[in-house]
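Model, not experiment: these values are computed from the prediction.
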Amino acid sequence: MLKRTQTCGQIRLEHAGHAVTLCGWVNAYRDHGTGLIFVDLRDRDGLTQLVFDKEDASPELLEQADKLRNEDVVAAHGIVRKRDGGPNPKLPTGEVEVVVTKLEVLSKTANPPFLPSDEKNLPNEEVRLRHRYVDLRRPRMQEILKTRHRVTKLTRDYFDEQGFLEIETPNLCRSTPEGARDFLVPSRHQPGQWYALPQSPQLFKQLLMVAGCDRYMQICRCFRDEDPRADRQAEFTQIDCEMSFVEREDVMRTMEGFVRTVWQGVLGVDVPAMDRITYRESMDRYGVDRPDRRFGLELVSITDLAAETDFNVFSQALAKRKGVVKAIRVPGGAEKLTRKLTDGYTEFVKQFGAGGVPVAKYTGPGGAGAETGGFETGIARFIAPIADKLVERLGLEPGDTVLFGADSYAVCTKALGELRLKLAKDLGLIDENKWDFLWVIDFPMFEYDEAERRYFALHHPFTAPNPDQLDAFMAADKNDPDAVEAVVSAGYDVICNGSEIGGGSIRIHRQDVQSKVFDLLGLSEAEAKEKFSFLLDALRFGAPPHGGIAFGLDRLVMHLVKTDNIRDVIAFPKTHTGMDLMSNAPGAVDKAQLRDLYVRSTYTPEAKS
């Protein structure tokens, strides 16, 4: 085989007159009948134009060239020259071409399912995933893989400079209730017993701190048996970190430096000092704990004003536990928001538990709507008694539209928070070239679920209370939801453009505090010991104060390459139903394998229905 001397993206004008050998895939073939055959040869680094001159080339070489088709794999040897006919400014190699003197066809292709070079006519995602090895040849996908590699290299270099040790943790571990459903693996040597694939290395990295490792990091695979979304896969990758003898500020400062390193190293973007807002402020103003601040449309509480109206929707909301009324001002909404759109928003918020979206347009004093304080349409007559106060609080201008939400605090903020994002997309308000980073801090430790009548840990059950909350936490009565929900944790999330790219906390290092958490979560002492005995034992034998964070590597890369589909940044992803269409996994196994694992399938088509 001809031995490659350069890649297809490396040839430049200074190579003119040099003999080179390039290897790659045929990206395009052109015979214009001018005595020249042109072939664009592609590899992961780029593309170079090959030229076959009919006046100088042997008949055998021309016959080889004439039979080439897109995606054939070849090695071409020839002389670099300045490109005849002028440069191609679209290519880094556009000033040169290679006049081929020898060609070796390494592999002929069958008719490909699609052409990697034809970005405008790509098939649907199912076809591309089924033939992922062809899809990954696309220059766009190659650049994404390079970016992912760059991020992992920057990650290891940064944390190495900060004194972290990269330590692997087990992929076969004990099933623990951390929120999502576990992937289970039967044990052949321990009949009837099961491993679980890790949802995260949370407990192991805490144990490494107890073991005296001081600073740990790992780029690790994690598994959660939950329904995939555009930004979530059942199998994903974390950048996992933990530090001993630290407070929240130490962790946040170190991790903010990591984010700056990645964005500067990959994009050349300088990330400024990140703002910080509390969880409560984030929920109050944006309706989510991962706010996108690249646009306005903030939520404003009008709960006190709503109490002055006789609008039944407001009254019913205020009668609920933690009932609130909030509003969103849409500047110029009278022209931008059609009746069809606002009716659609009512249906949109119903999926988040809200009953609808009351609407009113502000026309200003005088003219239309004068008898209702300058408001018209929708609920104008109901808000007439508070019209002046509403205009002042929301800063309304004539032509604005106001969208209202009324329900319990949780439902109202969630529904309007999601509606805010939809409004921004519908109205084109998001600046896609802007980077907005911030920390969200001071999360509640627990949320109370009215339906299940129990508490859930907002982050995870190993998150410590803020130091100034410790006494209140230890004294909290689980029969008093208000007192328990008021305890603030030492948790923190880092947000980029409305997406959580990392989350962590200071951990619990005292056994009595950990036991109190388990008690509030409804775990008896026996249950806690059964599930977490190794952690509770470790806390008895000298655990340092410690804390850490986990970044979603996939989400980091999604932001850096500007895609909203996580499958774009994973080499071999699963579909939304968890299928690997290329290898046809998951698949059936034979009965002998099941017998060796002491497992029997109870599935039948009738059971599925």
Side-chain angles (χ1 to χ4, degrees), residues 124 229-231 285-288 291-302 305-306 309-317 324-384 386-387 390-391 393-408 410-432 497-498 564-565 576:
N124 61 43
R229 298 184 306 210
D231 64 347
R285 294 172 59 186
Y286 306 104
V288 293
D292 190 338
R293 305 183 304 169
R294 292 174 295 172
F295 57 93
L297 304 181
E298 293 188 17
L299 282 58
V300 178
S301 175
I302 61 162
L305 303 183
T309 73
D310 60 359
F311 186 33
N312 193 44
V313 172
F314 289 173
S315 301
Q316 289 178 352
V324 296
V325 179
K326 289 179 173 286
I328 298 176
R329 172 202 172 204
V330 183
E335 291 186 4
K336 299 175 183 176
L337 297 179
T338 64
R339 175 67 181 271
K340 182 179 180 181
L341 274 176
T342 55
D343 286 349
Y345 293 153
T346 286
E347 294 304 311
F348 175 78
V349 300
K350 287 180 179 179
Q351 63 185 303
F352 306 108
V357 181
V359 180
K361 295 178 181 179
Y362 182 60
T363 60
E371 70 281 2
T372 52
F375 288 93
E376 65 172 0
T377 71
I379 62 168
R381 67 185 180 88
F382 294 107
I383 58 175
I386 59 170
L390 200 58
V391 170
R393 183 164 300 183
L394 298 179
L396 296 178
E397 299 287 343
D400 291 349
T401 293
V402 184
L403 305 180
F404 298 88
D407 212 297
S408 66
V411 171
C412 180
T413 52
K414 172 68 173 175
L416 286 189
E418 296 293 340
L419 178 60
R420 174 179 177 267
L421 294 172
K422 182 168 178 56
L423 275 166
K425 293 175 183 176
D426 289 348
L427 300 178
L429 301 179
I430 303 175
D431 183 353
E432 298 294 349
N497 291 354
D564 58 4
N565 187 345
H576 69 281

My understanding is that only residues two or more places apart in sequence, or in another chain, count here; which of them pass side-chain hydrogen bond (donor to acceptor under 3.5 Å, both in side chains) with [X]?
X      : answer
Ser301 : Thr303
Glu347 : Lys350
Arg294 : Asp292
Lys422 : none

Legend entry - Distance, nearest 0.5 Å, that separates CZ of Phe352 from NZ of Lys414: 6.0 Å

Just to verify, what does [X] make a salt bridge (charged side-chain N to carboxylate O under 4.0 Å, His left out) with, not counting sequence neighbours?
X      : value
Glu298 : Arg285
Arg329 : Asp400
Lys336 : none

Inset, instruction - Can you spot which of Leu403, Val359, Leu419, Val357 makes a side chain to side chain contact (heavy atoms under 4.5 Å, CB included) with Thr346? - result: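 Among Leu403, Val359, Leu419, Val357, the one meeting side chain to side chain contact (heavy atoms under 4.5 Å, CB included) with Thr346 is Val357.
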
Legend entry - ring-ring contact (aromatic ring centres under 6.0 Å, His included) against Phe295, all qualifying residues, sequence neighbours excluded: none

Legend entry - Partners passing ring-ring contact (aromatic ring centres under 6.0 Å, His included) against Tyr286 (at least two apart in sequence or in another chain):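 Counting only residues at least two positions away or on another chain, Tyr286 forms no ring-ring contact (aromatic ring centres under 6.0 Å, His included).
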
Inset, instruction - Indicate yes or no for a side-chain donor-acceptor contact from Thr363 to the backbone of Gly374 under 3.5 Å, with no hydrogens or angles considered. - result: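 Judged by distance alone, yes, a pair lies under 3.5 Å.
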
Inset, instruction - Using modelled atom types only, decide if a donor and an acceptor are shared between the side chain of Gln351 and the backbone of Phe348 within a distance under 3.5 Å. - result: yes

Inset, instruction - Side-chain contact test, heavy atoms from C-beta onward, threshold under 4.5 Å: evaluate it for Leu299 versus Cys412 and give yes or no. - result: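 Of all side-chain heavy-atom pairs linking Cys412 with Leu299, none is under 4.5 Å.
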
Legend entry - CD/Glu335: more than 12 non-hydrogen atoms of other groups inside 6.0 Å: no

Inset, instruction - Please say whether more than 12 non-hydrogen atoms of neighbouring residues, nucleotides or ligands are located less than 6.0 Å from CZ in Arg293. - result: yes

Listed pairs under 3.5 Å, donor-acceptor, residues 423-432 side chains, sequence neighbours left out:
from	atom 1	to	atom 2	distance (Å)
Asp426	OD2	Tyr345	OH	2.8
Asp431	OD1	Asn433	N	3.0

Legend entry - Residues which pass side chain to side chain contact (heavy atoms under 4.5 Å, CB included) with Asp310, listed by chain and number, not counting sequence neighbours: Phe382

Legend entry - Residues which pass side chain to side chain contact (heavy atoms under 4.5 Å, CB included) with Arg393, listed by chain and number, not counting sequence neighbours: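 For Arg393, the residues satisfying side chain to side chain contact (heavy atoms under 4.5 Å, CB included) (neighbours in sequence not counted) are Val300, Ile302, Asp304, Leu305.
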
